[in-house]
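Beneath this line is the structure, given in structure tokens, with notes to follow.
The analysis underlying the following values was restricted to heavy atoms, covering all of them including side chains, and did not include hydrogens, waters or symmetry mates. Every number for a ligand or one of its atoms is a count from 1 in the order of the listing.
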Amino acid sequence: MTDQDADYDLGDYDPAGRNIKIHGPEDFEGMRKAGHLSASCLDMLAREIKPGMTTKDIDDLVFQYGMDHDALPATLGYRGFRHSCCTSVNHVVCHGIPGDRVLREGDVVNVDVTFIKDGWHGDTNRMYPVGNIPRKAERLCEITYESMMRGIAAVKPGATLGDIGAAIQQYAEGERCSVVREFCGHGLGRVFHDAPNVLHYGRSGEGAVLREGMFFTIEPMINAGRPNVKILNDGWTAVTRDRSLSAQFEHSIGVTKDGAEIFTKSPAGLDCPPYG
Ligand code: MF3
Ligand code: CO
Ligand code: CO
């Protein structure tokens with residue numbers, strides 16, 4: 001999401017984090033179900049994504065999965081977006097629009113799915129290799145997944161949002177990659193995009209203090225080249241300005257007594273490639 005996408009008023013921004021909702025045990029249960037469903041859909045796609053199919057084919061599979069499981073894709077009709085997921089190929093950073101683009105051997109595609117189940121939002125994305133992919137694409141996917149997991153590892157009560165951003169940035173830049181600045185993770189729960197903004201860069205110790213019961217996503221976009229992005233004329237598709245490869249992974253998490261619970265963990269153990 002961008003700052004403009006937020007469903008809340010950034011004028012309410014409170015550095016102490018008092019505007020961040022605190023959730024109870026029943027809310028965790030709701031997020032577990034929504035997260036499980038979105039993650040299971042991404043598991044299904046790991047078997048389906050192949051050279052020759054279009055990004056629209058992926059969107060159809062996601063829509064059908066939702067219908068079969070009594071869940072609505074949150075992106076359908078969201079701020080004019082008309083699809084059940086985002087499909088971002090190669091140098092597309094995020095918010096790629098499903099269409100007639102044919103996937104070819106060597107491409108990498110990110111699929112970002114958010115199902116609403118019983119009112120709760122499970123928001124998650126993964127990278128999918130299309131057939132055999134170049135080693136440099138494989139490496140960028142590995143670095144991006146590890147960046148997300150290091151951000152999640154920084155989560156516990158008393159830590160700050162800056163600790164998450166710093167963990168991601170230090171690792172990614174240490175691997176000679178760059179962190180996209182224009183999009184961030186976000187609070188979620190009964191709403192899709194809520195406070196706080198979760199930046200994927202920053203300084204440890206800065207930003208709002210995390211407390212048990214907060215729900216948010218961590219979804220770093222990491223580029224092989226420069227960090228700069230531009231939005232295409234369709235108003236959605238974000239691409240790297242230098243056309244370098246970009247990767248992203250996303251989990252929805254809850255802050256627990258002593259760490260983080262990942263609501264969108266893959267039930268099939270397919271959190272990152274290779275998928276089989
Ligand atoms: N799922 C994306 C996120 O991680 C948001 C997509 S909004 C859309 O926040 F409209 F582009 F689909
Ligand atoms: Co998200
Ligand atoms: Co998402």
Q: Using atom types as modelled and distance alone, determine if a side-chain donor or acceptor of Thr217 lies under 3.5 Å from a backbone N or O of His186.
A: yes

Q) His69 and Phe115: aromatic ring centres closer than 6.0 Å? A) no

Q.
Please check whether Asp112 reaches ligand 1 - meaning an N/O of the residue sits under 3.5 Å from an N/O of the ligand, judged on distance alone.
A. yes

Q. For ligand 1, which part of Cys86 has a heavy atom less than 4.0 Å away: the side chain, the backbone, both, or neither?
A. side chain

Q | Close approach of Thr217 to ligand 1, heavy atoms, under 4.0 angstrom | A | no

(Q) Quick check: His251 with Phe249 (ring centres under 6.0 Å apart)? (A) no

Q. Just checking, any donor-acceptor pair under 3.5 angstrom between side chains of Gln64 and Asp60?
A. no

Q. Less than 3.5 Å between some nitrogen or oxygen of Thr75 and one of ligand 1, yes or no?
A. no

Q.
Is the contact between His83 and ligand 1 made by the side chain, the backbone, both, or neither, using heavy atoms and a 4.0 Å cut-off?
A. neither

Q. Looking at ligand 1, does Phe192 have a heavy atom less than 4.0 Å from it?
A. yes

Q) Does Arg181 make a cation-pi contact with Tyr201, if we ask for NZ or CZ under 6.0 Å from the ring centre and within 45° of the axis? A) yes

**Q.** Proximity of Asp123 to ligand 1 by residue part, where a heavy atom lies under 4.0 Å
**A.** side chain

Q: Please identify which atoms of ligand 1 are closer than 4.0 Å to at least one heavy atom of Tyr78.
A: 7 (S), 10 (F)

Q: Decide yes or no for Cys85 and Pro98: does some side-chain heavy atom of the first lie under 4.5 Å from some side-chain heavy atom of the second?
A: yes

Q | Numbered atoms and elements of ligand 1 in range of His193, under 4.0 angstrom, heavy atoms | A | 3 (C), 5 (C), 9 (O)

Q: Can you label the angle between the Phe28 ring and the Phe263 ring as parallel, tilted or perpendicular, going by 30° and 60°?
A: perpendicular

Q: Just say parallel, tilted or perpendicular for the rings of Phe192 and His121, cut-offs at 30° and 60°.
A: parallel

Q. Hey, which N, O or S atom on Glu250 ends up closest to the Co ion (ligand 3)?
A. OE1

Q: Run the numbers for me: atoms of ligand 1, each under 4.0 Å from some heavy atom of Thr114, listed by number.
A: 1 (N)

(Q) Check whether Ser246 reaches the backbone of Val92 with its side chain - one donor and one acceptor, N or O, closer than 3.5 Å. (A) no

Q | For ligand 1, the portion of Glu250 having any non-hydrogen atom under 4.0 Å away | A | side chain

Q | Angle subtended at the Co ion (ligand 2) by OE2 of Glu219 and NE2 of His186, nearest 10° | A | 90°

Q: Taking only heavy atoms of Trp236 into account, list the atoms of ligand 1 that are under 4.0 Å away from them.
A: 8 (C), 10 (F), 11 (F)

Q: Could you please spell out the steps behind the side-chain hydrogen bond (donor to acceptor under 3.5 Å, both in side chains) verdict for Asp123 and Thr114?
A: CA-CA 4 Å; Asp123 186 5; Thr114 306; 2.9 Å; yes

Q.
Show the atoms of ligand 1 that are less than 4.0 angstrom away from any heavy atom in Glu219.
A. 3 (C), 4 (O), 9 (O)

(Q) Nearest 10°: the angle subtended at the Co ion (ligand 3) by Asp123 OD1 and Asp112 OD2? (A) 150°

